Protein chains: 2
Amino acid sequence: MTRRTAAAKIRAKPIIRPNRLSDRIVEAIRDDVEAGRVSPGDRLPTEAALSAAFDVSRTVIREAVSRLQTEGIVVSRRGSGVYVAKAGDAPRTFRMGPADTEEMVSLREIFELRIGVESEAAALAAARRSRSDVSSLRKILGRLSAGGRPLEIGVEADVAFHRRIAEISQNRQILRFVDFLSFVLAEAIRAARANSAKQEGWSGMAYGEHVAIFEAIETGDPEQARQAIRQHLIQAQTRLGLLQS
Amino acid sequence: MTRRTAAAKIRAKPIIRPNRLSDRIVEAIRDDVEAGRVSPGDRLPTEAALSAAFDVSRTVIREAVSRLQTEGIVVSRRGSGVYVAKAGDAPRTFRMGPADTEEMVSLREIFELRIGVESEAAALAAARRSRSDVSSLRKILGRLSAGGRPLEIGVEADVAFHRRIAEISQNRQILRFVDFLSFVLAEAIRAARANSAKQEGWSGMAYGEHVAIFEAIETGDPEQARQAIRQHLIQAQTRLGLLQS
DNA sequence: CAACCAAAGTTATATGACAAATGATATATA
DNA sequence: TATATATCATTTGTCATATAACTTTGGTTG
């Protein structure tokens, strides 16, 4: 046997997958750019040169360059070369990599960004909610109150609550961005939990905050909804130890 | 001559560049996914099959798949196939394509997202500004007041003003996202201008709004800064015809 | 000096091959 | 029979080579 079939069954999704060679190339070049070792407008070595330098085939280099291009880090011009993207070149994608979530200060920054987006979402939701919106949100609130499982169900209902608010705001871009941020943060927080796992009294306090948000939206008071979700997210930060109370 | 050197000098950056074949493949597959013609978890045709279907080499298919992967739309498993990404698979990038900016309603949605982010940026800036921050911001305000050029200088100073506020907020993620949104919006607005170009009295009213934002930050009043920039951006929307006054 | 031309250099695409991993089927073994 | 084990076809990952399309540079020529 291949001595790994059993292990493969246990974890269908490997924690880290450093398979593809092009991943390493992407990382190396991106680091060079972000560290300022190459400047916007500079030309990178030719694909052939990179191929020799990294000791991989040109195919791998091309895939790496292609991916760096979709990230808006470089642009390639046929017949000329590959250039580091200049400001205003067309970064149509907003990316958050591991470097953005591994430090605590970066996590706080992402949280502040989230506060801005979600407070607007709550305000819009309060202004645009329909009767059925309110009832569906109340249903999720019920799942949150069931103080049974503090984890699993708890966090699942929590993200559902925030997501539903974004849906009620009737703004697809906000919904997409809330989804994006919630994924990035969930991953980062899960990783950070390894260090200090303080989540006592979590659901208790958080529930009251959720009720406040719900009531503001039910009433249809945008400003109050904004304030309520802001308070909730600030409290969430302190609970995670990102903010000293 | 190649009959294009003159034209090439005029526009170094072609408006649209449908060169790379893989672009078409990326678009086609992404459309299929976003339109729901294939569901999360589904397996795509093999690279060989796609190669035959689109009548391109497998190289092109591979580059397209590679790029779709960095966008978080698909995941590939060696020896198995390429699958449509399931929720929670790892979309580390947030993307806005042409489809997100071509409709007016989508533009309004992006503006609302911007209001959320920038109002938070303004509040943080008011809380964290230093003396030198205030003076640098005042300098940009000066450039805005110089009622000379309504365009060119005007919009350049305008984006600089908003960007400086994001810098003062001391939040790199917010700064990056403001940059991202300002680029996307600038491009979209430039395109929309073709239809109705109403920008009379633009700089006049906007200048007063900018002053209000500046004074709130100078005073150090987060809530007032938030309100001021929100009002400014709402007004900007009406000036662009995105909102009926 | 300007316009044109040619050649070298570079990215884009095509083709064919092999390696590595997967999934399913068949086979052996207790 | 049930459970490993082995085998094999399928599929993605990588390599190597060749050609097309395009850019840039330099020289040539009028």
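The sequence lines fix the lettering, A, B, ..., with proteins before strands; numbering per chain opens at 1. Keep in mind that this is a model prediction, so the values were computed, not measured.
A donor-acceptor pair shorter than 3.5 Å can be found between the side chains of B:Thr70 and A:Thr70. At a cut-off of 3.5 Å, with distance as the only test, no side-chain donor of A:Arg114 or A:Ser182 sits close to an acceptor on the other residue. Side chains of B:Glu71 and A:Thr93: no donor on one and acceptor on the other come within 3.5 Å.
Across the protein-nucleic acid pair, B:Ile61 atom CD1 and C:dA14 atom C1' stand 13 Å apart, rounded to whole Å. Atom-to-atom, CG of A:Leu44 to P of C:dT10 comes out at 13 Å; the value is rounded to the nearest Å. Between A:Arg62 atom CZ and D:dT17 atom P there is a gap of 18 Å when expressed in whole angstrom units. A straight line from CG of A:Leu21 to C1' of C:dA20 spans 12 Å, rounded to a whole angstrom. Computed from coordinates, the B:Leu50 CG to D:dG13 C1' distance equals 16 Å when rounded to whole Å. Atom pair B:Leu68:CG and D:dT12:P shows a separation of 14 Å (rounding to whole Å applied). In this structure, the CZ atom of A:Arg20 is 14 Å from the P atom of C:dA21, given to the nearest Å. Protein atom CZ of A:Arg43 is 19 Å distant from nucleotide atom P of D:dC22, rounded to whole Å.
Comparing C:dA12, D:dA16, D:dT12 by their nearest atom to the side chain of B:Glu47 picks out D:dT12. For A:Arg78, the side-chain atoms get nearest to C:dA12 when compared with the rest of C:dA14, D:dC15, C:dA12.
A pairwise comparison of heavy atoms in B:Ser57 and B:Ser51 identifies C-OG, 3.7 Å as the closest pair.
For a distance-only test at 3.5 Å, the side chain of B:Arg58 qualifies as a donor-acceptor partner of the base of D:dG13.
At C:dA14, one or more side-chain N or O atoms of B:Ser57 fall inside 4.0 Å of OP1 or OP2 (strictly under the cut-off).
Backbone-only contact: B:Thr46 has heavy atoms under 4.0 Å from sugar-phosphate atoms and none from a base. Using a 4.0 Å heavy-atom distance criterion, A:Val65 is classed as making no nucleic acid contact. When heavy atoms are screened at a 4.0 angstrom cut-off, B:Ser80 is found touching the sugar-phosphate backbone but no base atom. Residue-level contact check: B:Val82 touches the backbone only, with heavy atoms under 4.0 Å from sugar-phosphate atoms and none from bases.
Note: B:Phe177 and A:Phe177 have parallel aromatic rings, judged against thresholds of 30 and 60 degrees for the angle between ring planes.
Nucleotides of DNA chain D nearest to B:Gly79 and A:Ser22 differ in position, and the one nearer the 5' end is that of B:Gly79.
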